Amino acid sequence: MKISIWGDYACPYCYIGEIDLQKAIEELGVQDKIEYDLNAFQIDLDAPKSTNAVLLAYEKAIPLVKANAAYDHAKSMGKAVGLTINEATAYNTNTMDAHRMVQWAKATYHDSKLIENLADDLFYAYFTENKELADHKVLLDVAKKNKLDTEEVKKILDSNAYKDVVMQEEADLEVAELNLYHTF
């Protein structure tokens, strides 16, 4: 069975949902029957390099108390599934390069378990370690950990390669959402 997921590495609910899905697959004992298909979806195309509750409150025009409550909610949901979500101290970083790296890995390695591990490590780097996913050194460290060809990853990151793939996947999601909406 192929499971297609659209998500962003800067979305705590994507991270929590991915872990819940992995646990469900494991509990059912169907790991060898699942093809994990990770698709790109950037939540904030124009993400700044850093943010905090004050900036979130300002950008969303919400009270600071509500911004802090949103961070606390994600933190408690993460804790419930065994994750450390430090969203309040994470950099609201642009994730395009992380998505491009994953798309290259999908096209190069054709290994859904590798892609799942790569995604987990990107989520962990962002939410637990508060690393900037726009930082190529961070991405190269994640690539190395997953035994990707780091020289090739560097070439990808230094170019615009796979940007069109990321943009197409985001467009495909929008079309799928419209089609789903019109079926009800």
Side-chain angles (χ1 to χ4, degrees), residues 3-25 36-62 66-106 112 114-136 138-139 141-143 145-146 162-163 165-178 180-181:
I3 298 177
S4 294
I5 301 167
W6 276 263
D8 194 2
Y9 307 113
C11 170
Y13 304 107
C14 296
Y15 189 17
I16 294 163
E18 180 186 355
I19 296 302
D20 276 341
L21 176 63
Q22 290 172 6
K23 286 181 179 182
I25 290 169
Y36 184 86
D37 181 32
L38 183 64
N39 298 284
F41 181 76
Q42 293 181 93
I43 290 176
D44 187 353
L45 299 173
D46 300 314
K49 290 292 182 185
S50 64
T51 193
N52 55 35
V54 174
L55 185 57
L56 176 66
Y58 175 77
E59 288 178 345
K60 303 293 182 186
I62 59 175
K66 190 172 180 179
N68 280 320
Y71 287 140
D72 290 343
H73 178 67
K75 188 172 193 160
S76 66
M77 284 184 68
K79 188 175 183 179
V81 295
L83 300 175
T84 301
I85 304 285
N86 296 320
E87 186 179 18
T89 54
Y91 291 99
N92 185 15
T93 185
N94 190 294
T95 57
M96 173 57 87
D97 288 343
H99 285 293
R100 291 187 317 106
M101 179 178 77
V102 171
Q103 294 309 312
W104 169 81
K106 279 173 60 174
S112 65
L114 169 68
I115 301 308
E116 181 181 332
N117 292 338
L118 193 56
D120 288 347
D121 289 341
L122 288 166
F123 280 125
Y124 186 84
Y126 184 74
F127 285 109
T128 303
E129 299 176 327
N130 287 155
K131 293 185 177 178
E132 246 183 278
L133 296 184
D135 182 338
H136 289 184
V138 170
L139 297 177
D141 287 346
V142 170
K145 179 180 179 190
N146 284 276
Y162 292 89
K163 185 175 182 178
V165 176
V166 172
M167 301 302 281
Q168 184 60 54
E169 286 190 348
E170 291 176 1
D172 290 347
L173 177 60
E174 290 175 17
V175 169
E177 287 176 332
L178 285 174
L180 180 63
Y181 176 76

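Treat the numbers as computed from the prediction; the structure is a model and nothing was measured.
- A salt bridge links Arg100 to Asp97: one of the charged nitrogens lies within less than 4.0 Å of a carboxylate oxygen.
- Counting only N and O atoms by type, the side chains of Asn39 and Asp172 include no donor and acceptor under 3.5 Å apart.
- Looking at heavy atoms from C-beta onward, Lys75 lies out of side-chain contact with Thr84 at the 4.5 angstrom threshold.
- The shortest heavy-atom contact between Trp6 and Glu169 is NE1-O, 3.0 Å.
- Here the side chain of Gln42 pairs a donor or acceptor atom with the backbone of Met96 at under 3.5 angstrom.
- No side-chain donor-acceptor contact under 3.5 Å links Lys106 to the backbone of Ile115.
- To the nearest 0.5 Å, the span separating CZ on Phe41 from CD1 on Ile5 amounts to 14.5 Å.
- To the nearest 0.5 Å, the span separating CG on Asn130 from CD on Glu87 amounts to 10.0 Å.
- Looking only at side-chain heavy atoms (C-beta outward), Ile25 and Ile3 come within less than 4.5 Å of each other.
- Here the closest non-hydrogen pair linking Leu133 and Leu139 is O-CD1, 3.5 Å.
- Counting heavy atoms from C-beta outward, Met101 and Tyr162 have side chains that stay 4.5 Å or more apart.
- When side chains are defined from C-beta on, Tyr9 does not count as touching Thr93, because their heavy atoms never get closer than 4.5 Å.
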As a quick check of understanding, evaluate side-chain contact (heavy atoms from CB on, under 4.5 Å) for Ile19 and Asp120, giving each step before the final call.
CA-CA 8 Å; Ile19 296 302; Asp120 288 347; 4.2 Å; yes
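- Annotation for Tyr126 and Lys131: closest pair CD1-O, 3.6 Å, computed over non-hydrogen atoms.
- Counting heavy atoms from C-beta on, the side chains of Leu83 and Phe127 never come closer than 4.5 Å.
- Within the 4.5 Å cutoff, no side-chain heavy atoms of Met77 are placed close to those of Tyr15.
- Taking all atoms of both residues into account, the shortest heavy-atom contact from Ala10 to Thr95 is CB-CG2, 4.0 Å.
- With Lys145 as reference, Asp121 is the one residue of Leu118, Asn117, Asp121 to meet the side chain to side chain contact (heavy atoms under 4.5 Å, CB included) rule.
- Across His99 and Gly7, no two heavy atoms sit closer than the pair CE1-O, 3.1 Å.
- Atom SG of Cys14 is separated from atom CG of Leu122 by 12.5 Å, given to the nearest 0.5 angstrom.
- The distance from the CD atom of Glu18 to the CD atom of Glu116 is 6.0 Å, given to the nearest 0.5 Å.
- With hydrogens and angles disregarded, a donor-acceptor distance shorter than 3.5 Å links the side chain of Ser76 to the backbone of His73.
- In terms of heavy atoms, Ala40 sits closest to Gln103 at N-NE2, 4.0 Å.
- Heavy atoms of other residues, nucleotides or ligands lying less than 6.0 angstrom from NZ of Lys79 number 12 at most.
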